[in-house]
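Below is one structure. I have some questions about it.
Everything numeric in this text was worked out from a predicted model, so none of it was measured. Per chain, numbering begins at 1; letters A, B, ... match sequence-line order. Any value given below was found using the heavy atoms of this structure, including those in side chains, with hydrogens, waters and symmetry copies removed.
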There are 2 protein chains.
Amino acid sequence: MKHKSIKPTGAELNILRVLWDQGTQTVRQVHSILNPNNESGYTTTLKIMQIMTEKGLLERDSSQRSHIYSAILREEDTQKKLLDTLVDTAFGGSAMKLVVQALGSNSASKDEISQIRNMLDQMEKEKS
Amino acid sequence: MKHKSIKPTGAELNILRVLWDQGTQTVRQVHSILNPNNESGYTTTLKIMQIMTEKGLLERDSSQRSHIYSAILREEDTQKKLLDTLVDTAFGGSAMKLVVQALGSNSASKDEISQIRNMLDQMEKEKS
DNA sequence: ACTTAACTACGACATGCTTCGTAGTACGAC
DNA sequence: GTCGTACTACGAAGCATGTCGTAGTTAAGT
């Protein structure tokens with residue numbers, strides 16, 4: 001089995017980001033958030049969201065004149081999939097190299113650091 | 001200012017991976033490694049490597065009949081750039097969410113775990 | 001009723017990526 | 001030298017993505 005591999009494109013991810021953060025939205029709302037200065041046209045956003053619906057990335061309620069869209073993909077699942085792809089293509093399969101890189105070039109809060117420590121403890125425990 | 005943002009495509013990353021791991025290589029060598037069963041043709045690999053050279057991703061020594069290619073991009077730089085992109089597009093800008101995800105769905109060796117711990121220590125130290 | 005505004009649907013195009021076939025060229029074996 | 005092999009160069013085609021324009025429809029205001 002195996003679901004067809006879901007790999008949102010850049011534009012699709014932007015839209016998913018809005019839906020994940022804001023919940024269900026109309027095309028107009030999504031477009032206003034992503035293009036406050038009309039960098040690209042309304043019908044562009046519309047078209048992409050229509051295609052995403054065909055692809056099974058979004059679902060919509062079309063009972064109203066303005067259709068209302070929501071994400072089908074869960075944020076974490078999508079992130080995991082993209083992460084796996086990046087690990088394979090750019091990090092030669094080593095997720096830990098990726099972690100080290102990410103830690104090295106970004107800053108973390110105290111809470112985040114202790115969260116990560118806890119995860120490491122957990123991983124070590126499972127190792128024995 | 002800023003160098004033009006270098007974002008290798010999937011096929012390009014495969015080639016870079018070989019060059020990073022193996023050092024300088026001919027097209028034939030790269031192609032044999034990536035397509036042991038001839039999934040795609042030799043001229044495909046050739047063409048992509050030629051284009052990469054035009055783009056400034058590779059350089060080549062063409063003094064021999066078989067040109068010898070090497071990567072211009074450093075592995076770490078490329079990884080960092082792709083990581084940043086992924087953090088922006090898929091993780092809403094939070095590198096630590098990415099780290100947590102990556103740790104959660106992958107396993108690390110003892111050495112890696114302690115390397116990560118050391119990095120966390122370092123980060124905490126710098127925080128005070 | 002008419003007009004305007006906002007929406008959906010859809011075709012078309014530009015661009016970039018990947019693929020391949022073909023042509024030309026150099027090398028080596030014989 | 002001739003032939004076959006391996007190489008480069010390059011044009012062209014298929015596909016996906018992102019872009020937009022236009023047409024058609026619905027709703028609402030006057």
Side-chain angles (χ1 to χ4, degrees), chain A residues 4-18 24-70 73 78 82 85-86 88-90, chain B residues 4-18 24-70 73 78 82 85-86 88-90:
Chain A
K4 44 173 109 173
S5 150
I6 304 150
K7 240 187 120 190
T9 65
E12 288 172 347
L13 270 174
N14 291 336
I15 289 168
L16 286 171
R17 163 77 24 226
V18 173
T24 61
Q25 299 273 302
T26 65
V27 175
R28 175 63 61 190
Q29 291 172 314
V30 171
H31 181 253
S32 309
I33 292 176
L34 291 178
N35 303 284
N37 299 22
N38 258 32
E39 295 86 2
S40 79
Y42 171 81
T43 54
T44 301
T45 307
L46 171 65
K47 178 81 172 200
I48 295 178
M49 291 178 74
Q50 284 172 342
I51 291 173
M52 291 173 77
T53 306
E54 282 170 21
K55 287 190 193 170
L57 276 66
L58 304 184
E59 62 187 351
R60 66 177 166 185
D61 170 1
S62 45
S63 65
Q64 310 293 336
R65 185 156 129 70
S66 294
H67 300 175
I68 299 179
Y69 289 78
S70 54
L73 300 182
T78 307
L82 292 170
T85 301
L86 187 67
D88 285 349
T89 58
Chain B
K4 43 170 116 190
S5 146
I6 304 150
K7 236 188 124 188
T9 66
E12 288 173 348
L13 269 174
N14 292 336
I15 289 168
L16 286 171
R17 163 77 25 226
V18 173
T24 61
Q25 301 273 301
T26 64
V27 174
R28 175 63 59 190
Q29 291 170 315
V30 170
H31 181 252
S32 310
I33 293 177
L34 291 179
N35 303 284
N37 300 8
N38 257 32
E39 295 88 1
S40 79
Y42 172 80
T43 54
T44 302
T45 307
L46 171 64
K47 178 79 170 196
I48 294 179
M49 290 178 75
Q50 285 171 340
I51 291 174
M52 289 173 77
T53 306
E54 281 171 21
K55 287 190 193 172
L57 276 65
L58 304 183
E59 62 188 351
R60 67 177 167 185
D61 169 1
S62 45
S63 65
Q64 310 293 337
R65 185 155 127 70
S66 293
H67 300 176
I68 300 179
Y69 289 78
S70 53
L73 299 182
T78 307
L82 292 170
T85 301
L86 188 66
D88 284 349
T89 58

Whole Å only: how far is the CG atom of A/L58 from the C1' atom of C/dT8?
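Checked: the CG to C1' distance equals 16 Å.
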Using whole Å, what does the distance between atom C1' of nucleotide D/dG18 and atom CG of A/N35 come to?
12 Å
Residues that B/S62 engages under side-chain contact (heavy atoms from CB on, under 4.5 Å), provided they are two or more places apart
B/H67
How many whole angstroms separate atom CD of A/E54 from atom C1' of D/dT17?
14 Å
Going by side chain to side chain donor-acceptor pair (under 3.5 Å), name the residues that satisfy it together with B/D61, two or more places apart in sequence or in a different chain.
B/S63
Using a 4.0 Å heavy-atom cut-off, write out nucleotides 10-20 of chain C from 5' to 3' as B (base contacted by protein), S (sugar-phosphate only) or - (no contact).
BB-----SBBB
For the pair made of CD in A/Q29 and C1' in C/dT8, what is the distance, rounded to whole Å?
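To the nearest whole Å, that distance equals 16 Å.
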Could you tell me how far apart B/R28 (CZ) and C/dA26 (P) are, to the nearest whole angstrom?
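Nearest whole value for this atom pair: 19 Å.
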Interatomic distance, B/N38 CG vs C/dG21 C1' [rounded to whole Å]:
15 Å
Any residue meeting side-chain contact (heavy atoms from CB on, under 4.5 Å) with B/I33, in chain and number order, not counting sequence neighbours:
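Scan of B/I33 (side-chain contact (heavy atoms from CB on, under 4.5 Å), adjacent residues dropped) gives B/V18, B/Q22, B/Q25.
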All side chain to side chain donor-acceptor pair (under 3.5 Å) counterparts of A/T44, not counting sequence neighbours
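A/T44: no side chain to side chain donor-acceptor pair (under 3.5 Å) contacts found.
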Looking at B/K47, B/K55, B/K7, B/R17, which one forms a salt bridge (charged side-chain N to carboxylate O under 4.0 Å, His left out) with B/E12?
B/K55
Name all residues meeting the side-chain contact (heavy atoms from CB on, under 4.5 Å) criterion together with B/T53; count only those two or more places apart in sequence or in a different chain, and write none if there are none.
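B/T53 satisfies side-chain contact (heavy atoms from CB on, under 4.5 Å) with B/L58, B/R60, B/Y69 once adjacent residues are dropped.
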Pair listing, side chain to side chain donor-acceptor pair (under 3.5 Å) test, anchored in residues 27-38 of chain B, at least two apart:
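Residue pairs passing side chain to side chain donor-acceptor pair (under 3.5 Å), neighbours aside: B/T26-B/Q29.
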With sequence neighbours excluded, tell me which residues meet side-chain contact (heavy atoms from CB on, under 4.5 Å) with B/T78.
B/P8, B/L13, B/W20, B/L73, B/L82
Within residues 60-68 of chain B, which residues have any heavy atom lying less than 4.0 Å from an atom of DNA chain D?
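Contacting residues: B/R60, B/R65, B/S66, B/H67.
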